[in-house]
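Since the structure comes first, as structure tokens, the remarks are kept for the end.
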Amino acid sequence: MATTPAPPTAPPKPTWDPRRAEPPFPWLRPTIRIRLTLLYGGMFLIAGIMLLSIIYLLAAQALNTGAEPLFKIVSGTSIKVSSDNCPAVQAGNLSLDEFNVAISNCIDHQRQTALDDLLSRSLLALLGLAIIAFAFGYAMAGRVLSPLGRITRTARAVAGSDLSRRIELDGPDDELKELADTFDDMLERLQRAFTAQQRFVGNASHELRTPLAINRTLLEVHLSDPGAPVELQQLGKTLLATNERSEQLVEGLLLLARSDNQIVERKPVDLAEVATQAVDQVYAEAAAKGVAIRGERAAAVVQGNGVLLERIALNLVQNAVRYNVPEDGWVEVTTQVQHGQAVLVVTNTGPVVPAYEIDNLFEPFRRLRTERTGSDKGVGLGLSIARSVARAHGGHIAAEPREGGGLVMRVTLPI
């Protein structure tokens, strides 16, 4: 007779818990509270012991001083009294009552002198112990709180777009180490997210380059045909301009993704030379619009990437020329060294810019009074690229409205 197989048993439940294991005695964990309690409690205990010891020694000395005899009998039958501590009893022919009063006054004076001396020395000892306690407490507090300084320095480096920094705090498993480990985990996730975003933008930009280049080639071939109808040539020119704008957008996105990274390979670059090259490239466009370019450019050498720094100057000068007044406009481009930093300043005439719109100008695809709209002045990435490149070089860019219209763009880079 065949036996019925037993039903399969349920698989065993996993015993591994992804959460951090709790210590067997959590109240023995060397937390900051316990360490500070032991530290300052021990300091107060030691200071109290030292103060009591000093007071005991001073009191013993005062009692010894007060126990010295006030007078001594120096004669035989006719009593004469001599005292160095009580001159009043040295007067001759004192009656018994006068002698007792003088002795009582001398004892009171001796006791008060000893108490005053004990008080003054105790205050000096207390002052000395207070100075030592504050100095020792300041040193120990700095030692205990030194991990916070390390966390602050790492956070400041991360704020400068260096997501590769980590705290990696070692030491006891207390609240500060837990905070540092949590901060490191957060930085790891942020770095992966930013890297994935930059990789996506870079890959998408590279993938879009090929079809845009093919489109440009086909349009140029059709436009080179002299027998093509006028309508077709006009359509081809429009499509070619649209294709060129798309290529600029892709190049801007790729440069924006690259410039968000920290510059690793740095070489000496003169901002004056970079600004001069940017002015030369925009000179023809400025002359066509009737915009004069001027300004003195002094040598200001920084460590960085020459191509990216040239893009900063080119974008700023191009914007200054394109967003200018129709007549008698000018652009001033200057470079100099101020307070140990290289400064590039681009000032231009133009429309009045409200102060509340300054920050919006640095956002991608943003323009003055227009957002994400077509324009023959650019794709709206110039200032975003300039800010990203400046940050990657450890500097910053700031804008402020110019009185009478236009902007003053200031790029500051470390030397």
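Since the model is a prediction, treat every value here as computed from it, not as a measurement.
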| task | Answer yes or no: is there an ion pair linking K177 with D181, defined by an N-O contact shorter than 4.0 Å? | result |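 Answer for the salt bridge query: yes.
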With a 4.5 Å limit on heavy-atom distance, are the side chains of [X] and [Y] in contact?
X    : Y    : answer
L235 : E231 : no
R294 : V331 : no
V343 : L413 : no
V269 : V301 : no
D328 : T349 : no
V274 : D270 : no
Q341 : Q336 : no

Are the side chain of [X] and the backbone N or O of [Y] linked by a donor-acceptor pair below 3.5 Å?
X    : Y    : value
N243 : L212 : yes
R297 : T334 : no
T335 : A300 : no
N348 : Y323 : yes
S224 : V221 : yes

Once rounded to the nearest 0.5 Å, what's the spacing between atom [atom1] of [X] and atom [atom2] of [Y]?
X    : Y    : atom1 : atom2 : value
N315 : E310 : CG    : CD    : 10.5 Å
L239 : H222 : CG    : NE2   : 10.5 Å
I293 : W330 : CD1   : CH2   : 12.0 Å
N319 : L407 : CG    : CG    : 9.0 Å
L148 : L179 : CG    : CG    : 7.5 Å
Q303 : L309 : CD    : CG    : 10.5 Å

| Of K267, H393, R311, which is the lone residue that meets side chain to side chain contact (heavy atoms under 4.5 Å, CB included) with N305? |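 Among the candidates, only H393 passes.
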| message | Applying the side chain to side chain contact (heavy atoms under 4.5 Å, CB included) criterion to R402, which one of V352, T347, V353 satisfies it? | response |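 Testing each of V352, T347, V353 against R402, the sole residue satisfying side chain to side chain contact (heavy atoms under 4.5 Å, CB included) is T347.
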| Between Q318 and E285: side-chain donor-acceptor atoms closer than 3.5 Å |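 No, E285 and Q318 have no side-chain donor paired with an acceptor closer than 3.5 Å.
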| task | Could you pull out the closest heavy-atom pair between A275 and A313, with the gap in Å? | result |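 Minimum heavy-atom separation between A275 and A313: CA-CB, 4.2 Å.
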